[in-house]
Amino acid sequence: MSIRIVIADDQASVREALAVMLDLVEDITVVATASDGAAAVTEVTAAMDSGGVDVVLMDLRMPGTDGIEATRILKGLFPDLPVVVLTTFSDERSVLDALGAGARGYLTKDAGRVEIAAALRAAAAGQAVLNPEVQARLLDAVEAPRTQEVPAGLTPREVEVLRAIAAGLSNREIAQQMFVSEATVKTHINHLFAKAQLRDRAQAVHFAFTHGVVGQER
């Protein structure tokens, strides 16, 4: 089954190249492109009435309505629609703003077709995706000093799991780090997601930073 996507980027050459490149991927169909955030909202809304949209590939910095605001608007209109950011910016603030707006993935523009396609598939399947450069930035911040306050009534163990998620660790890696089973890790994750009202790991990363579980940009 083909994944239907909308691409938003203010640079025509980038937008058109992405459309051509991704349309060549067997299980991906580009249904529309947009030159800014407002146009992205318009194109997605129109496409929803004619076959639907599975994922939006969103540039971050665009004139007028930028990618952050467009993501926020789209998540308000279509809460289950995943947005993957594709941008040249990988600083901590940009990543957190995008995740806070509801983006499920964050890639930098040096990503190739295979990596972008994989991120779109993962987002369509409900998974969060951060590319290695972005993950490294967040990992550096995880090592920064943090508050001792426990947010949302989380237990110390749940906070430990949350910090590990923010650092990009998989369930298996968290289990190895904590010397527990993967089933125990999944239980902790389910509990902390319920307490903090989180839907996915992307929201968990944003929650960890904004609530001082890990360091903020200094």
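Just so it is clear, the structure is predicted and the values come from calculations on it, not from any experiment.
- When every heavy atom of Ala208 is checked against every heavy atom of Leu162, the shortest pair comes out as CB-CG, 3.9 Å.
- Hydrophobic clustering keeps Leu24 apart from Ile28 (ILVMFWY residues linked when any side-chain heavy atoms are closer than 4.5 Å, directly or through intermediates).
- For Leu198 against Ala204, the heavy-atom pair with the smallest separation is CD1-CA, 3.7 Å.
- Placement of Ile165 and Phe207 within a single hydrophobic cluster is found when ILVMFWY residues are connected by side-chain heavy-atom separations under 4.5 Å, directly or transitively.
- Residues in residues 16-38 take part in these side-chain hydrogen bond (donor to acceptor under 3.5 Å, both in side chains) pairs, two or more places apart or across chains: Ser2-Thr29, Asp27-Arg121.
- For Arg61 and Phe89, the positive end sits near the middle of the six-membered ring, less than 6.0 Å away and at most 45° from its axis.
- Val31 places none of its side-chain heavy atoms less than 4.5 Å from the side chain of Ile5.
- Taken to the nearest 0.5 Å, the CZ atom of Arg201 stands 8.5 Å off from the CG atom of Leu169.
- Val85 and Val55 fall into different hydrophobic clusters, defined by Ile, Leu, Val, Met, Phe, Trp and Tyr side-chain heavy atoms under 4.5 Å apart, directly or through other members.
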Checklist entry - What's the verdict on side chain to side chain contact (heavy atoms under 4.5 Å, CB included) for Val159 and Leu192, showing C-alpha distance, side-chain angles and the deciding distance? => result CA-CA 8 Å; Val159 171; Leu192 76 88; over 6 Å; no

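- Smallest separation of non-hydrogen atoms from Ala123 and Val84: CB-CG2, 3.6 Å.
- Hydrophobic clustering places Leu74 together with Val53 (ILVMFWY residues linked when any side-chain heavy atoms are closer than 4.5 Å, directly or through intermediates).
- Salt-bridge annotation for Asp59 and Lys109: present, with a side-chain N of the basic residue lying under 4.0 Å from a carboxylate O of the acidic one.
- The hydrophobic cluster containing Val95 also contains Ile68, counting ILVMFWY residues as joined when their side-chain heavy atoms lie under 4.5 angstrom apart, directly or transitively.
- Residues Thr87 and Ser94 have side chains not in contact (no heavy-atom distance under 4.5 Å, counting atoms from C-beta outward).
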Checklist entry - Does the pair Arg72 and Glu69 meet the rule for a salt bridge (Lys or Arg N to Asp or Glu O under 4.0 Å), with working shown? => result CA-CA 5 Å; Arg72 189 174 289 112; Glu69 183 60 24; 3.0 Å; yes

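- Taking CG of Asp80 as the reference point, atom NZ of Lys75 lies at 7.0 Å (rounded to 0.5 Å).
- Put simply, the side chain of Arg4 gets close to the backbone of Gly52: a donor and an acceptor are under 3.5 Å apart.
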Next on the checklist: Run the side chain to side chain contact (heavy atoms under 4.5 Å, CB included) test on His206 and Asp97 for me, step by step, so that the C-alpha distance in whole Å, both residues' side-chain angles and the decisive distance to 0.1 Å come before the verdict.
Outcome noted: CA-CA 8 Å; His206 181 262; Asp97 285 346; 6.0 Å; no

Checklist entry - Can you list the steps and then say if Arg104 with Asp200 is a salt bridge (Lys or Arg N to Asp or Glu O under 4.0 Å)? => result CA-CA 8 Å; Arg104 186 169 291 168; Asp200 53 40; 3.4 Å; yes

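- The two residues Ala70 and Gly37 have their closest heavy-atom pair at CB-CA, 3.5 Å.
- Qualifying salt bridge (Lys or Arg N to Asp or Glu O under 4.0 Å) partners for Glu158, counting only residues two or more places apart in sequence or in other chains: Lys195.
- Between atom CG of residue Leu86 and atom CG of residue Asp110 there is a gap of 9.0 Å, rounded to the nearest 0.5 Å.
- In this structure, OH in Tyr106 is found 8.5 Å from CG in Leu99, a value given to the nearest 0.5 Å.
- In this structure, the side chains of Leu22 and Leu57 come closer than 4.5 Å at one or more pairs of heavy atoms.
- Partner of Ile7 under the side-chain contact (heavy atoms from CB on, under 4.5 Å) criterion, chosen from Leu18, Val14, Val56: Leu18.
- Between Glu160 and Arg157 there is a salt bridge, since a side-chain N of the basic residue sits under 4.0 Å from a carboxylate O of the acidic one.
- Contact record, Val41 with Thr45: O-OG1, 2.7 Å, taken as the closest heavy-atom pair.
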Checklist entry - Can Thr108 and Thr88 be said to form a side chain to side chain contact (heavy atoms under 4.5 Å, CB included), step by step? => result CA-CA 5 Å; Thr108 53; Thr88 57; over 6 Å; no

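- Put simply, CG on Leu96 and OG1 on Thr210 are 7.5 Å apart, with the number rounded to the nearest 0.5 Å.
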Determine all donor-acceptor pairs shorter than 3.5 Å in which one atom belongs to a side chain in residues 176-186; sequence neighbours excluded.
from	atom 1	to	atom 2	distance (Å)
Ser181	OG	Thr184	N	3.1
Ser181	OG	Thr184	OG1	3.0

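- Taking both residues in full, the closest heavy atoms of Ala119 and Leu107 are given as CB-CD1, 3.6 Å, listed atom of the first, atom of the second, then distance.
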